[in-house]
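Reviewing the structure listed below.
Every chain is numbered from 1, with letters handed out A, B, ... down the list of sequences.
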Protein chains: 2
Amino acid sequence: MAAVAVATRWRLLLVLSAAELGVTGAPQPPNILLLLMDDMGWGDLGVYGEPSRETPNLDRMAAEGMLFPNFYTANPLCSPSRAALLTGRLPIRSGFYTTNGHARNGLRCSTAYTPQEIVGGIPDSELLLPALLKGAGYASKIVGKWHLGHRPQFHPLKHGFDEWFGSPNCHFGPYDDKTRPNIPVYRDQEMVGRFYEEFPINLKTGEANLTQIYLQEALEFIQRQQAAHRPFFLYWAVDATHAPVYASKPFLGTSQRGRYGDAVRELDDSVGRILHLLRDLGIAENTFVFFTSDNGAALISAPRQGRWPSRRGGSNGPFLCGKQTTFEGGMREPAIAWWPGHIPAGQVSHQLGSIMDLFTTSLSLAGLEPPRDRAIDGLDLLPTMLQGRLTDRPIFYYRGNTLMAVTLGQYKAHFWTWTNSWEEFKQGIDFCPGQNVSGVTTHSQEEHTKLPLIFHLGRDPGERFPLSIASIEYLDALRRITPVVQQHQEALVPGQPQLNVCNRAVMNWAPPGCEKLGKCLTPPESVPEKCSWPH
Amino acid sequence: MAAVAVATRWRLLLVLSAAELGVTGAPQPPNILLLLMDDMGWGDLGVYGEPSRETPNLDRMAAEGMLFPNFYTANPLCSPSRAALLTGRLPIRSGFYTTNGHARNGLRCSTAYTPQEIVGGIPDSELLLPALLKGAGYASKIVGKWHLGHRPQFHPLKHGFDEWFGSPNCHFGPYDDKTRPNIPVYRDQEMVGRFYEEFPINLKTGEANLTQIYLQEALEFIQRQQAAHRPFFLYWAVDATHAPVYASKPFLGTSQRGRYGDAVRELDDSVGRILHLLRDLGIAENTFVFFTSDNGAALISAPRQGRWPSRRGGSNGPFLCGKQTTFEGGMREPAIAWWPGHIPAGQVSHQLGSIMDLFTTSLSLAGLEPPRDRAIDGLDLLPTMLQGRLTDRPIFYYRGNTLMAVTLGQYKAHFWTWTNSWEEFKQGIDFCPGQNVSGVTTHSQEEHTKLPLIFHLGRDPGERFPLSIASIEYLDALRRITPVVQQHQEALVPGQPQLNVCNRAVMNWAPPGCEKLGKCLTPPESVPEKCSWPH
């Protein structure tokens, strides 16, 4: 990773413009801007067919860049998918899973339960993208939700980020600060307030100014780095589309889609402003921007009679089920790459992409190699984006430490099917409302490891019609899939599971900086417990 | 409808280019080209979110024109929706319905049953678009499926078209020509062969050259009219996406979506060639083109184990169910308007549009007024397309003579719910495979006329979560919908039902022209019967 190697790689890859020269006149790698949405679904963007078509800025971003219709997260939940993005590794490798129950999810935050009790977090042994980018001179900032562990040793600035504005957990609440503290908001290493206190969210009206704050943080950081002629990595991890869904006053009530649509509109507007600033500053051609989401839309929060906090969820378009599940609706994500002058405009790529590719691709953009001492699951997508190259690769779908499914080419094989338990389902907790497919969206954990359910995703993107196990097509697909899965499983070394142990004492009672604000709370007695994961 | 009025109207509406001047130097109204697909769904186009994104020409047409995400057919079946397009009237007015059973569909052709036995057809009292356009000097042609009655008195040339190449019925078959004759293909007033005989369709491979033939017919007609400086009306009613789905050899096996996708790709390619010719001839700016479909994708034909002829159907995107039903999947259609230099590029209109608007809009383009002696349901969409104006209007959803539902603004009220009978459903005939919503996709005819099921289509396009009847929103919506429905029903004068009587003797045994070809068959004895409609 010598500076010479970096420069050489750049001269080979790109024709350099003035903006691509740093202070020293040496070639400067492009800025990297990852826009990560929270619980936003594949079908929430106009360009992916949302009927109200309220995302003109994102649609334009796609028209100016490359759209990925087959882009996947690494896990159908917020926390493991974020760990995957920043490590380039499946959560099973980095430890973002639980072994407390078979095929159980971990560190979810879509229901009334919040994971402040979680003792674990991102292990020090994991190499995160911002830390690696330092090697190529990048300044880095995370704006928004971290979710890789809320205890101080896990914080972003301990793992390579230079700056942080945002929260360690989801914005659930308000809590009473006695049985459970409100989630803190940090600036860098110290808290600056808490949700529902200094950072209000009105659950009744849905009003919160957070997206505007996150937007300003992004704009200010970009301007500052540009002025300093320093390449930057900005990880904009906003959460307005995660329950409880919120928007600021100018956007509330403006969408045809209700409050969820208001949040989408504000995020779309913000993306428009960010791209506009890049153009205004003359650094658009030297800034790689990627837009995606952490998991599928939470259909459980969709408008229905029920006890769920918001009943406001997004759309997974024609795909089955949503967040929490390993059907396409839970794992396939909106994805747009934008880099004017480099990525040709108006392209659609059928590359099977993964959120983990953003790790490897970002390193490649910086002229760096991915670490060689560990398994990395991310691909470098630059050849796809710059030259339209397609690479065969599998997509693995996990829940906990169970490999639920794999996609290879157009074929998806389910080794296990499960949405949630009968007990939950009977209480009205439905991850696939109005979409239950007999024998597919099962409510008991059904094993198909010997004869997987196989779907052709081109003909049947909604996973409704499994191939007949007697067909030649089934046998051909199985013959191709089996060795890929075997190889994966034989080589797999699971990380130490981080989501097994809970302890009420580790919740956000007294975050760093609480003293200055007079906002420290007294934690209860430390009682480590096995976390229980119903899903 | 004097010529002076026509000219004046044109001077007001348009800045005329050279291409818009006819032989006499007088202003010439624009050519009208209606591209009507068969059983193609809302979700089948890339621009509407089809994940394989295999419609580059249609996507470009949308980028150059106006996309309608809220465009509806007038009935979830081929035949009544085509009658509605050409008359501007609901099928209940023109007679394209049956009273043989409650809420029954008519003249469908998605199952093994074929409606050659139907005695009725388009009544002489109905005024069809091509007949009216004659008043403004248009030459007109229909290419493809007619479906407004196969007996000679109902044929296109008896109802205003100057030319016809295509068939009166669906391309089901092959038949044995003893119990049932193969469907004839006509040029103008005489048959030129039959499907599966002179016009082969290979059911096994899916190969048929028909789309290429229909394309050549369109290109030749356009070139001929352009050379004659005559405004033309071309109704391109192709049927490759209707079961049995077919494509020509160069397209077979090229789609990620299987044979259905091959058919879509060939149709997309054909649209591209047509638009290309218009540009090449320099008449693009003087040709109004509209793309839509006759009803939602036939999900019953989707890839599943079963007894259906093709098991190959399209996609209705995020919408519920498909063809045959009055859920959104059966009635909402892909729709693109294209008229370079007049309709601004890259627009999306949220106007609730109807296939019947194509009648009124076409007349308006020709400088003609719609007939005043009868109820016309179509709106003139020119103000929408040219000035972005939005007009409040209801969309009515009928099955037979039963008003099943109405949409007003964002609210859709179902007065009756029904997909198909329990008897059929238990045999595996499912119009909503993998999408059955309890209390919504019912298998008995459930009446909700007093308290309709109401959905907010913006928040819940998939019709999964009816509003609570105790909510203020429900009451407000009902208060607005009720008078609109009352007014509609009070003023309604149903036409003489055309789909009640069947007779095997009226089938296509001896179509005009059969003598010359030696292809006349002997009809059986005339036995008029009441048609039976299971759906």
TODO: Pick one of side chain, backbone, both or neither for B:Arg332, based on which atoms fall under 4.5 Å of a heavy atom in chain A.
DONE: side chain
TODO: Considering only heavy atoms and a distance below 4.5 Å, find which of B:Cys432, B:Gly49, B:Ser255 pairs most often with chain A.
DONE: B:Gly49
Open item on the list: Is it the case that the side chains of B:Gln256 and A:Gln410 hold a donor-acceptor pair, with the cut-off being a distance below 3.5 Å and no angle test?
Closed with: yes
Task: Segment of A:Val47 engaging chain B (4.5 angstrom heavy-atom cut-off) - done: both
Task: Contacting region of B:Phe319 [heavy-atom separation from chain A under 4.5 Å] - done: side chain
TODO: Please state whether the side chain, the backbone, both or neither of A:Leu67 comes within less than 4.5 Å of a heavy atom of chain B.
DONE: side chain
Task: Where A:Pro318 and B:Pro51 come nearest, the two heavy atoms and their spacing - done: CG-CG, 4.2 Å
Open item on the list: Counting only non-hydrogen atoms closer than 4.5 Å, does A:Pro461 touch chain B with its backbone (N, CA, C, O), its side chain (CB onward), both, or neither?
Closed with: side chain
Task: Closest heavy-atom pair and its distance - A:Pro69, B:Arg53 - done: CG-CD, 3.9 Å
Open item on the list: Tell me if a side-chain donor or acceptor on B:Arg464 pairs with a main-chain N or O of A:Gly434 at a distance below 3.5 Å.
Closed with: yes
Task: Rounded distance (nearest 0.5 Å) linking atom OG of B:Ser52 with atom CG of A:Leu457 - done: 9.0 Å
